[in-house]
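None of these values were measured; they are calculated from a predicted model. Just the heavy atoms: all of them, side chains too, but no hydrogens, waters or symmetry mates, feed the values below.
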Amino acid sequence: MCIVCRWNSGEEKLDLNIKELNCNNCTSLTSIPVLPKLVRLDCENCTSLTNIPVMTELKLLFCNGCTSLTTIPVMRELRILDCRECTITSIPTLPELEELYCAECERLTSIPLLPKLRVL
């Protein structure tokens, strides 16, 4: 069980000012709390994750293998998005996105113009 799940159950405190969060491979995780200072979120293979909130400082999002995740919110500062093997249907407009990894996103039907994209 990851720190967010332990926090949700009251077992552990979560510093809401953290800058990095790793919840990789937590199959119990369904949502991420709003963490206003978060810069990097690793939630790879969290197969029950259905929701990632808007976080204004987030620059790196690694959510590949999140097979219940259907949407990525607009996050204006996001630079890298790795959403391989997710069930998302579209990529939102992410004006600062430089790298997008979306292989095996079988439901993905649209990618908007991403002016700073260097890697697809």
Participant: Could you tell me the separation between the CH2 atom of Trp7 and the CG atom of Asp15, rounded to the nearest 0.5 Å?
Facilitator: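 The CG atom of Asp15 is 11.0 Å from CH2 of Trp7, to the nearest 0.5 Å.
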Participant: Identify the two heavy atoms, one from Ser48 and one from Thr27, that lie closest to each other, and give their separation to 0.1 Å.
Facilitator: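 Shortest heavy-atom contact: OG-O, 2.7 Å.
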Participant: Side-chain contact test, heavy atoms from C-beta onward, threshold under 4.5 Å: evaluate it for Leu35 versus Leu21 and give yes or no.
Facilitator: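 Leu35 reaches Leu21 side chain to side chain.
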Participant: Check the pair Leu81 / Leu97 against side chain to side chain contact (heavy atoms under 4.5 Å, CB included), numbers first and verdict last.
Facilitator: CA-CA 7 Å; Leu81 172 58; Leu97 196 68; 3.9 Å; yes
Participant: Can you see which heavy atom on Leu29 is nearest to which on Cys2, and at what distance?
Facilitator: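 Taking every non-hydrogen atom into account, CD1-SG, 4.1 Å.
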Participant: What's the shortest heavy-atom distance between Asp42 and Asn24, and which atoms?
Facilitator: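 Scanning both residues, the minimum pair turns out to be C-OD1, 3.2 Å.
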Participant: Starting from the C-alpha separation in whole Å, work towards a yes-or-no answer on salt bridge (Lys or Arg N to Asp or Glu O under 4.0 Å) for Glu96 and Lys116.
Facilitator: CA-CA 6 Å; Glu96 298 298 321; Lys116 295 191 176 182; 2.8 Å; yes
Participant: Among Leu41, Leu94, Leu100, which residue satisfies the side chain to side chain contact (heavy atoms under 4.5 Å, CB included) criterion with Leu78?
Facilitator: Leu94
Participant: Supply the members, apart from Val39, of the Ile/Leu/Val/Met/Phe/Trp/Tyr cluster built from side-chain contacts under 4.5 Å; use none for a lone residue.
Facilitator: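 Members besides Val39: none; it forms no cluster.
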Participant: Of all the heavy-atom pairs spanning Cys46 and Asn25, show the shortest one and how long it is.
Facilitator: SG-N, 4.0 Å
Participant: Does Leu38 belong to the same Ile/Leu/Val/Met/Phe/Trp/Tyr cluster as Leu14, with side-chain heavy atoms less than 4.5 Å apart forming each link?
Facilitator: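 Yes, one cluster joins them.
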Participant: Just by modelled atom types, is the Glu77 backbone N or O under 3.5 Å from a matching donor or acceptor in the Arg79 side chain?
Facilitator: yes
Participant: Determine, for Arg6 against Glu12, whether the closest basic-nitrogen to carboxylate-oxygen distance falls under 4.0 angstrom.
Facilitator: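 Counted as a salt bridge, because a side-chain N and a carboxylate O are separated by less than 4.0 Å.
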Participant: Compile the donor-acceptor pairs under 3.5 Å between side chains in residues 101-109 and protein atoms, sequence neighbours left out, one pair per line.
Facilitator:
from	atom 1	to	atom 2	distance (Å)
Tyr101	OH	Glu99	OE1	2.6
Thr109	OG1	Thr89	O	3.1

Participant: Can you hop from Val119 to Leu117 via hydrophobic side chains spaced under 4.5 Å?
Facilitator: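 In one cluster: no.
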Participant: Mind checking the SG-CG spacing from Cys43 to Asp82? Nearest 0.5 Å is all I need.
Facilitator: 10.0 Å
Participant: Distance-only criterion, 3.5 Å: show the donor-acceptor pairs between side-chain atoms of residues 55-71 and protein atoms not counting sequence neighbours.
Facilitator:
from	atom 1	to	atom 2	distance (Å)
Ser68	OG	Thr47	O	2.6

Participant: Would you compute the distance between atom OG1 of Thr93 and atom CZ of Arg76 and round it to the nearest 0.5 angstrom?
Facilitator: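 Rounded to the nearest 0.5 Å, the OG1-CZ separation comes out at 8.5 Å.
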Participant: If you compare all heavy atoms of Pro53 against all heavy atoms of Val34, which two are closest, and at what distance to 0.1 Å?
Facilitator: CB-CG2, 3.7 Å
Participant: Linking I/L/V/M/F/W/Y whenever their side-chain heavy atoms sit closer than 4.5 Å, directly or via other members, would Ile18 and Leu49 fall into one cluster?
Facilitator: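 Yes, Ile18 connects to Leu49 through the hydrophobic network.
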Participant: Of all heavy-atom pairs between Ile91 and Pro112, which one has the smallest distance, and what is that distance?
Facilitator: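 So the two residues come closest at O-CD, 2.9 Å.
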